[in-house]
Amino acid sequence: MKSTCMKTIALTGVLLLVAASLFAQTYITNTTVVDVEKMKLLPAHTVVVMNDRITAVGPSQKIKVPQNAQVIDGTGKYLMPGLVDAHVHFFQSGGIYTRPDVIDLRKHRPYDKEIEWTHRNMEDFLRRYTQAGITTVVDVGSTINFLQQRDSFQRKAYSPAIYMTGPLLTTWEPQVYRNLKNDEPFFEMKTEEDARKYVQQQLPYKPDFIKIWYIVLDQNTEAGAKKLLPLVKAVIDEAHKHNLRVAVHATERITAQLAVENGCDFLVHGIDDEVIKDDFVQLLKKKSVVLCPTLVVGPNYGETLGQQYKLSYTDYTTANATVIGSLFDLRHLPDTSIVNRYKRAFAGPALARSRMADSILRINTKKLADGGVLIATGTDAGNIGTMHTSSYFEELSAMRESGLSPWQLLQFSTINGARAVGKDSVFGSIRQGKLADLLLLNANPLDSIANLQNIAMVINKGTVHTPGSLVKETPLALVQRQLNAYNGHDLEAFLEPYAEDVEIYQFPDKLQMKGKDAMRKTYQFITQTPGLHCEVTERIVQGNIVIDHESVSGFGNRKVSAVAIYHIENNKIKRVYFVQ
Ligand SMILES: [Zn+2]
């Protein structure tokens with residue numbers, strides 16, 4: 001009798017403990033709340049989070065903090081909703097081998113290897129997104145296999161919320177993607193029956209919405225667009241019947257207009273073939289269509305394929321280093337004919353065309369935004385040269401350069417992202433009852449968009465993450481990062497993975513250099529030698545040691561080869577031994 005009673009007491013204790021942790025409340029006190037809907041800063045506010053929800057928002061003097069609550073002192077800080085990237089693709093890595101329909105390098109890396117890699121690294125991308133404060137990602141074109149993989153991340157505190165379509169329902173399919181079964185990113189529609197069937201086929205996998213690739217190859221765009229319109233209409237009708245929103249890729253004014261007139265909910269790109277008129281702006285506004293301009297993806301293709309790399313410090317230091325490394329493979333692939341053709345094209349007419357489209361796109365973005373159209377920030381990350389995570393900040397800079405105001409950017413990057421997927425009642429602003437996906441910043445994001453990267457904490461699904469806690473540093477990543485920046489001729493990004501008191505030796509023990517400042521002086525040449533390129537021909541990773549066999553070209557005609565032995569300590573490169 002006694003023992004049973006003891007058990008009951010013990011069990012009750014455990015239950016109470018579980019209950020306490022389940023109902024644990026976090027109070028973010030005395031902070032400035034960024035109200036993205038009213039475009040107002042609310043100083044001296046307290047926000048209460050319970051589990052994954054915001055349970056209260058109000059002036060600090062009106063919200064009493066219970067004694068055993070978890071408190072985050074938000075004094076001097078800014079609390080805003082987590083960012084949304086409204087246009088990404090997880091079936092694409094961002095690397096050079098990811099779009100064989102654009103540049104076919106399958107004989108150097110088979111496409112099934114690339115797909116296998118993107119599946120294996122989806123968690124890495126997700127962790128990077130959350131770490132950067134991007135707490136929601138919208139995949140506007142994936143595969144059946146990725147839809148299934150999406151489900152495994154649903155409850156993970158490290159993963160942003162993922163909204164995802166199935167394969168793109170397309171009016172034209174590039175040859176290279178055919179017959180890939182559940183890895184196929186496209187379903188090509190020939191008839192209206194196809195269109196309806198392909199919507200229905202996705203339903204068991206629960207897509208969050210449906211995507212159309214409205215591609216017109218006809219010389220006469222308007223005539224071609226009209227010919228294909230019945231397919232677009234059939235998809236929209238079938239998707240709406242199943243309460244699914246429809247996103248459309250339509251980059252010409254005419255295709256976008258036809259899609260919107262016929263019920264499209266979300267345009268995933270801006271218009272780049274003509275400067276839009278007021279009636280187009282009014283149409284989108286009247287229909288409450290969300291438009292994602294994707295300003296940087298086009299220029300990133302040109303810069304990468306033309307080998308005019310313009311990667312940023314943020315790209316080098318926060319994106320997946322293996323993906324960035326692949327972009328520089330163009331400099332040493334034996335297949336020079338295809339590579340050189342692109343290099344020439346993007347130095348000439350293709351570059352001029354791309355610059356023209358780019359400037360029209362920017363003018364239209366400003367017109368749409370100022371005309372009251374719902375704009376959402378999105379990158380098209382995963383495309384060649386557009387990195388998952390870091391390209392978001394590049395996109396924001398491009399939007400700012402297009403003349404959008406800081407408040408517009410904040411609204412477009414949060415609540416309008418939620419509107420893109422029809423979930424603005426669920427997340428996207430700091431309101432009671434909404435999801436607790438929050439970003440606590442050390443500085444005012446209205447002063448500079450760079451402050452969006454000055455993160456004190458990311459609260460994702462109610463879980464608090466401090467900077468750097470989500471992506472594990474590895475010796476391989478450190479060494480690859482400095483190699484990438486060396487090849488991109490970016491001195492500060494090159495120095496970033498090194499320890500302040502780094503030592504550089506000539507093997508076995510002759511000290512040649514000590515400290516980052518000495519390195520900074522010695523390695524000035526990487527910014528001054530345009531053809532400089534280092535190819536790693538072999539690599540061994542063992543514990544905290546990475547050994548690279550490096551072949552360096554760009555100093556005259558001669559290639560210099562060496563072995564570099566990198567020793568990693570405390571997540572930095574501490575010693576390097578060169579064997580020459
Ligand atoms: Zn896309």
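Each ligand, and each atom within it, is numbered from 1 in the order the structure gives. Computed from heavy atoms alone, side chains included, the values below leave out hydrogens, waters and symmetry copies.
- With Leu368 as reference, Ile276 is the one residue of Ile276, Leu267, Val289 to meet the side chain to side chain contact (heavy atoms under 4.5 Å, CB included) rule.
- Nearest N/O/S atom of Asp380 with respect to the Zn ion (ligand 1) is recorded as OD1.
- Taking the centre and axis of the six-membered ring of Tyr158, the NZ or CZ atom of Arg127 falls inside the cone set by 45° and 6.0 Å.
- Under 2.8 Å from the Zn ion (ligand 1) lies an N/O/S atom of His89, whether from backbone or side chain.
- Residue Cys264 holds its SG atom at 9.0 Å from CZ of Arg245, rounded to the nearest 0.5 Å.
- Counted by atom type alone, His269 and Thr294 present one or more donor-acceptor pairs between their side chains at under 3.5 Å.
- Among the backbone and side-chain atoms of His87, an N, O or S atom lies under 2.8 Å from the Zn ion (ligand 1).
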